[in-house]
Amino acid sequence: MSFALQLGALTRELVEVLAPPSVQADSSKLDKISDASLRKLKSHTFLQTNHFEVEKVLDGLDERFRINDRDDLADALRQRLERLPSHPSKWHPEILHLFLELSDQPTFKSNLRDLKLLGRSEATPAIALRWEDIAKEDGWDEDGSLWQNINYSDDSEDDVYDQQFTTEPEDTLLYGDGDSAIRTAASYISHPEDVTTLEQVQTAQKWRMQLPPEDLSRQIRKVAVSEIQVVRDVLFMLQGLDCTLFTRNCVAVPSYQLDNMEWEPYRAIMQTFTDFGGHLRRLRLFVGQRQDVPHLQAFQDCISDRLRELDQHISELQNRLVAPSAGVVLSLVGIKAKLIPWLQPLHALANIVSTIEAEPQSTPFRYLELVFDEACVAQLSGKAELYEFLARIFAECFRVYLRPIRLWMDEGKLLSASDLFFVAEVSPSTPLRKTWQDRYHLRRTPDGALHAPAFLRTALGNIYNAGKNIIVLKLLGKYDAAVSLKARNEPPLDYETICPAGQELVPFAELFDIAFDRWIQSKYRATSTTLKRTLFDDWALLSTLDTLHAIYLMSDGSASSNFSASIFAKLDSLRADWSDRYALTAAAQDGFATIDPSRLTVTVSENMLNLPAIQCRNSVRSVLSGITVNYRLSWPLQMIFNDTSMQHYQSLFTLLLQLKRAAHALQSPRMLDNYWTDRDNWNASATFYSARSKLLWFCTTIQTYLTTLVLIPIDIQLRRDLAVSHDMDNLISTHEKALKAMVDQACLGSRLTPIRESILDMLDLSLKLERIRSGVVDTEEEAHVGKSYEEVLTDVKVEVDRQVRFIWSGLRSVARATSDAQSAKWDILADMLQAGDVDTTT
C-alpha cells in the first residue's frame, strides 16, 4: 500500500473514532471531514523534529536531576539513552520530543519503582484449568445422574439405591471428592429438645411484634417493656447497632414504655440516651467519611479509638448482665450513671465535629483550635477528667500536624501539599540576596489572619525563621555544621510533657507554650547560632560595617576629604566633565585606598547630567543629591544591609557631602589674605566676616551635632546590639532601626522637611557669600544688581539670621510636640543653635 493510501486510511479511521455518534451515522459527513483533514495533513508546514535540540534538552534534564540530588534518576535516564541506538529507528527524535512535551515536573514526580511496571514478563501466563471447561470438552456437563450418591457396600442393590435416593432430601448434604460434607441451608435447621426454653424466649421477645393496646375509651396505650429489654436496646443503640426501642437515627420510639415507670420520667431518661446516641452517631458518621488531609485523619483515628474504648466498656457491662458472677441489681438509672463518665467526653467531641461541619470553609487545622479551646475551658471549669481527655486528644493530633513543621525546621523543605502549611514558597528563582526576605512568605487567610492555628501564632516567627536558616545555610555550605550542633534528640511533645504532674493549676495554654517553645529552641537556636557565626566570621560582617561607615558616614575623614575635594574643584572651575562616572569612580577609589577598588563605583543620576555648570556650582542641593556611591556587597551581607538600609546610608552621605561643600566654600578666603583690601571698606568687610563667621559656626555646629550626638553613639549601640542578636531577623531589624534613628535624628525625616530645606538654604548661602566676595554675579542673582557691595552682604547676613532663628525655633516646637528618642536630640540641637545666635542671646 502506498503512503498516500495508508495516510488516507489512517485519517478516515481517526475521524471515525473522534466524531460524535450523530456524525458517525452519516457517511457523507464522514467523507467530507475525512477529505478536509487529509488535505490539511498533506499541506502541513511543520518541520521535522530537531534531534539536536532534543539531545540538548535531555542533557539539560540530566543536569537538572543531578543538581536536585536525583542522581539515581539521572543514571537511569543516561543508561536508557545509551541503549537506545541498539534499536535504531528514524522516529526516535519525535518519540523523545513527545515524551518531553508530556512530562510534568519529572525531577520531583518521577519514581524509579514505576520502571518495573514497564517490563514485559518473559513467562507465558498459565491457563487456569476448570472443571466446567473439562465437562464441556468431554460432553458430560449435562449428565444429571453423575453426582448422585452411590452406596459402595457389597450387598447394595439398585432398587434399594433408587429408594434411598428418591427419599433423600435434595438440599441436605452434598458430598465432594473428600470425606467432608458441604452443608446447605436446610441442614442448619435445628430441632430443639428443650421446647420450654424456646417458648420462654419467644414469649420474652413477643413484645417486639405486639401492637399498642387500646383501653375502653379507645385511647392507644404504650407497649409495656421489661427493664432488661430497655437496658439491652439502650446498650445496642449506644454501640451503633439496630434495635427496637430506637430508630436508626437514635431517636426513642414513643410506642413503648417501661412497665414499672411512669411515662414522664421514662421519656426524660430515654431522651438523655437519645441525645447521647445522636452525638455518638454523628461521631461514627464522621469517622466513616473519607479524609485526604493527614490532620483530619489523625482526628478520625483518635475518635475511633475513643469509640472503641466505649464499645469495650459497654461489652463488659453486657457481659456482667448476661453472666453475672454475683448478685446484680438491674437498673436503667444505674446503667446511666455508669455510662455518663464515658459519654460526656464524647459529647464534647461531637460538639467539635458539629462546629466543623457547620462552617462552610473550615481550615484543615480548625479542629485543633477547637480541641485546644475546649481543653482550656474544661480546665477552667474544674472538669479534670474532661480536661485530660481533650488534652490527650490534642497531643495525639498535634503530633501529626507537627510533621510539616519538623520537615521545614530540620531540612528547609515544604511538602507537596504546602497549601495546608503556613509557609509557602514565592519563587525558587529568587535572587540570592533576597532569599531571606522574598523567597518564602507566611500564608494568610482571606480575612488577613495567618494561615495557622491561633495557639501557634506567637511561635510562627521562630518556625518560619528556622526553616529559612536551613535554606541559607545550605546555600552557604554550612548545613552540615548546623546539623552537628542540633544532633541531640528533640524533646517529646506528648501529654505527659505538655502537662507534667503537679502543674494542674497552670493554664493549659501556658503549659503548651512552654513545652512547644522548648521544642522549637532545640532546633532553632543551633541553626541561628551557626548562621550568625558564619556571617561574622566567614563573611566579615563587622569589617563590612566599618567600610560602609567609612564611605557613607565619612568616618575616615581623610579619605572623604580627598574624594569630595576632587568633586568641588571641578564644580568651582565650571568644568562640564565633572559628572563623568569613570572619573568620579577613580577619584573615590583613590580616596578610599584601603577599600577593595573593584567593589566601589560612583554614578550621577541622569536628570543631573544636563544641568548648566553655573547651576551645579551655585547650589548644594542641585547636583550633590544626585551623586550616588555604590559599594558592592556579597549576597549574604546584602540580606542584612538591604535596599532600605542602603537608601538611608545614601541620604546621610548626601547630607554630609553638602556640609563639606559649604565648609569648603567658607574656608577658602582668609582674613590675612585680604587685609590690605579690607582697609578700604571696613564696614563691608565687617559685615562679610560677621556673616561668614555665623555660617561657619552653623556648619560646624551641625557637623558636631551629627558626629558626637548622632552617628557615633548610634554606631556604638549598633555594634553592641549586633553582638547580642540571636537570629537573622534580629540582625536585619537592629541595623535598620539604627539607620532609621540616624536619619531621623539628622533631621532627614518627613516630619522635619521644612527644617531640612532651611538647612540646605543656609548651605546655599555659604556658596553665595563666597561668590559675592569673589565678585561673581549670575543672572539668577539679579536682585542684587544696583546694590552696593555692603548692601548685598547685609542682605545675606539678615537672611542668615532669619534662617538660623527659624531652624532652632522649629526644632524646639517639633521636639515639644513629640516624646520619642529623637525629639530629645532635636531639643539639644535647638539649644546649640540658639546659644550661637548672638542676636537672640543678647
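FYI, the numbering just counts along the sequence from 1.
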Salt-bridge present (D801, R805; N to O < 4.0 Å): no

SB check R751 D744 (cutoff 4.0 Å): no

E757 atom CD, over 12 foreign heavy atoms within 6.0 Å: yes

Test log, rule side chain to side chain contact (heavy atoms under 4.5 Å, CB included), inputs L574 and R617: CA-CA 7 Å; L574 302 180; R617 181 198 64 182; 3.8 Å; yes

Whether W408 and Y440 hold their rings parallel, tilted or perpendicular, with breakpoints at 30° and 60°: perpendicular

is_close_aromatic(F516, F455), centroid dist under 6.0 Å: no

SB check D410 K523 (cutoff 4.0 Å): yes

Basic-acidic side-chain contact under 4.0 Å: D572, R661: yes

Salt-bridge criterion met for D643 and R433 (N-O under 4.0 Å): yes

Side chain to side chain contact (heavy atoms under 4.5 Å, CB included) between Y524 and N469, intermediate numbers included: CA-CA 8 Å; Y524 176 60; N469 286 342; 3.5 Å; yes

Within-4.5 Å side-chain heavy-atom neighbours: L829 and I702: yes

Output field: ring centroids H451/F365 closer than 6.0 Å: yes

W436 vs L531 side-chain heavy atoms within contact, under 4.5 Å: yes

N642 versus S645, side-chain donor and acceptor atoms under 3.5 Å: yes

More than 12 heavy atoms of other groups within 6.0 Å of K474 NZ: yes

Distance-only donor-acceptor check, side chains H549 and Y649, under 3.5 Å: yes

Pair D727, S528: side-chain N/O donor-acceptor within cut-off below 3.5 Å: no

Check against side chain to side chain contact (heavy atoms under 4.5 Å, CB included), I470 and M409: CA-CA 7 Å; I470 296 297; M409 296 183 69; over 6 Å; no

Test: D538 and K478 ion pair at under 4.0 Å: yes

Parallel, tilted or perpendicular: rings of F568 and H664 (30°, 60°): tilted

Pair W697-S693, side-chain donor/acceptor within less than 3.5 Å: no

From CA spacing to verdict: side chain to side chain contact (heavy atoms under 4.5 Å, CB included), W826, R816: CA-CA 9 Å; W826 296 337; R816 291 174 180 175; over 6 Å; no

R621 atom CZ: more than 12 heavy-atom contacts under 6.0 Å: yes

Side chain to side chain, L811 and L752, heavy atoms closer than 4.5 Å: yes

Heavy-atom neighbours of R719 CZ exceed 12 at 6.0 Å: yes

